[in-house]
Amino acid sequence: MNWITNYVRPKINSLFSRREVPENLWTKCPECGTMLFHRELAANLNVCSACDHHMTMGARERMMSLFDGGIFSEIKVPDPVVDPLGFRDQKKYSDRMKAAQKASGAKDAMLVAEGEIARTPVVAAVQDFSFMAGSMGMYVGNAIIAAAEHAVKTKKPLVLFSASGGARMQEGMLSLMQMPRTTVAVQLLKEAGLPYIMVLTHPTTGGVTASYAMLGDIQIAEPNAQIGFAGARVIEQTIREKLPEGFQRAEYLLDHGMLDRVVHRKNLREELATMIRMLMSLPPPIKGDLAPPPPPPEPEPTPAESEG
């Protein structure tokens with residue numbers, strides 16, 4: 001019995017046991033609960049195919065979907081002082097930063113790059129919500145200033161994608177100082193006569209909304225994105241009134257004049273290219289490239305050349 005129990009039965013179980021499915025192959029839509037296969041979700045730009053809910057996108061994913069052929073070059077951002085306040089709550093701030101960098105693969109909460117959208121040269125800055133909720137610290141301030149300065153230097157428009165829970169509490173007053181710093185950076189673009197286009201994604205709240213996120217020449221938002229300063233529950237408790245349906249959502253803000261457009265993610269590239277080329281007095285964007293002409297046929301050898 002011992003031989004059957006200890007050897008034969010485990011061997012049979014190992015041959016016929018079900019293989020475990022990796023957890024990262026499927027993603028559950030937070031809106032409708034549909035299970036989405038990871039390849040189909042990525043091909044659909046992280047938009048649920050069942051309910052059209054726009055999920056968050058990483059900064060690098062966003063850049064690859066934005067630029068022609070997914071090709072872009074990163075712009076260097078000056079590194080700020082690490083943990084200037086020596087902040088500690090349950091963990092040291094420096095340890096939280098290391099953990100966030102390891103989990104997201106990003107240096108901080110914003111990526112700055114340049115490339116082409118429908119052959120239109122553009123500087124883009126994308127906030128990454130997966131890095132400490134996209135919180136605005138000194139690095140984010142430096143990134144926006146670097147993006148604005150590079151745009152002015154190269155005479156390119158700036159497109160900025162916001163996704164943030166607000167200022168980074170671990171940097172205290174230094175994080176709040178990024179609000180006026182980024183406002184000055186936006187002013188540099190306006191003085192240079194260059195377009196500054198904001199794309200507000202879910203969620204955009206706190207000090208980000210109170211500064212650079214609402215200063216665009218054109219304000220675009222993704223469908224159903226939450227956009228506001230304080231949370232809805234805090235506002236209800238303060239004013240002691242029930243808020244209207246859809247409050248702080250993109251469609252509500254569009255109806256009340258706070259936004260210019262609400263654009264589906266799959267149409268965003270075309271919308272941006274059209275707007276930028278209009279603002280820059282450029283011809284309409286190219287929808288597609290014609291196939292190159294076939295090479296001319298080689299001349300057939302004459303009889304004299306063949307005999308020779």
Using a 4.5 Å cut-off on heavy atoms from C-beta on, say whether the side chain of [Y] contacts that of [X].
| X | Y | result |
| --- | --- | --- |
| Gln178 | Tyr212 | no |
| Asn224 | Glu251 | yes |
| Ser49 | Leu36 | yes |
| Leu158 | Ile197 | no |
| Lys107 | Asp79 | yes |
| Cys48 | Glu31 | no |
| Met280 | Pro157 | yes |
| Val126 | Met63 | yes |

Does [Y] offer a backbone N or O that forms a donor-acceptor pair with the side chain of [X] under 3.5 Å?
| X | Y | result |
| --- | --- | --- |
| His256 | Leu254 | no |
| Glu114 | Phe72 | no |
| Asn142 | Ala146 | no |
| Thr201 | Ser162 | yes |
| Gln127 | Met110 | no |
| Thr120 | Glu116 | no |
| Thr204 | Leu200 | no |
| Gln219 | Gly216 | yes |
| Thr209 | Gly228 | yes |

Calculate, to the nearest 0.5 Å, the distance between atoms [atom1] and [atom2] belonging to [X] and [Y] respectively.
| X | Y | atom1 | atom2 | value |
| --- | --- | --- | --- | --- |
| Glu61 | Ser130 | CD | OG | 8.5 Å |
| Glu40 | Thr27 | CD | OG1 | 11.0 Å |
| Leu160 | Thr182 | CG | OG1 | 9.0 Å |
| Gln248 | Thr205 | CD | OG1 | 8.5 Å |
| Gln170 | Ser135 | CD | OG | 6.5 Å |
| Met64 | Ile71 | CE | CD1 | 9.5 Å |

When you compare the side chains of [X] and [Y], does any donor N or O come within less than 3.5 Å of an acceptor on the partner?
| X | Y | value |
| --- | --- | --- |
| Arg265 | Asn46 | no |
| Arg168 | Ser175 | no |
| His202 | Glu222 | no |
| Tyr93 | Glu171 | yes |

Of the non-hydrogen atoms in [X] and [Y], which two are nearest, and what is the gap between them?
| X | Y | answer |
| --- | --- | --- |
| Ala210 | Met179 | CB-CE, 3.7 Å |
| Phe37 | Leu25 | CD1-O, 3.4 Å |
| Phe247 | Leu243 | CD2-CD1, 3.5 Å |
| Ile227 | Ala221 | CD1-CB, 3.9 Å |
| Tyr252 | Gly246 | CB-O, 3.1 Å |
| Leu215 | Tyr196 | O-CD2, 3.6 Å |

When you group the ILVMFWY residues by side-chain heavy-atom contacts below 4.5 Å and let the links chain together, are [Y] and [X] in the same group?
| X | Y | result |
| --- | --- | --- |
| Ile145 | Val159 | no |
| Leu176 | Val140 | yes |
| Val112 | Met57 | no |
| Phe129 | Phe131 | no |

Exercise. Passes side-chain contact (heavy atoms from CB on, under 4.5 Å), Val262 versus Ile220? Steps please.
Worked result: CA-CA 6 Å; Val262 174; Ile220 303 174; over 6 Å; no
Exercise. Which one of Lys266, Arg277, Arg261 satisfies the salt bridge (charged side-chain N to carboxylate O under 4.0 Å, His left out) criterion with Glu271?
Worked result: Arg261
Exercise. Is the shortest side-chain N to carboxylate O distance from Asp128 to Arg60 below 4.0 Å?
Worked result: no
Exercise. Is the closest basic N to carboxylate O distance between Lys190 and Asp217 below 4.0 Å?
Worked result: yes
Exercise. With a cut-off of 6.0 Å (strictly less than), are more than 12 heavy atoms of other residues, nucleotides or ligands near CE of Met173?
Worked result: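 It does not: Met173 CE has 12 such atoms or fewer within range.
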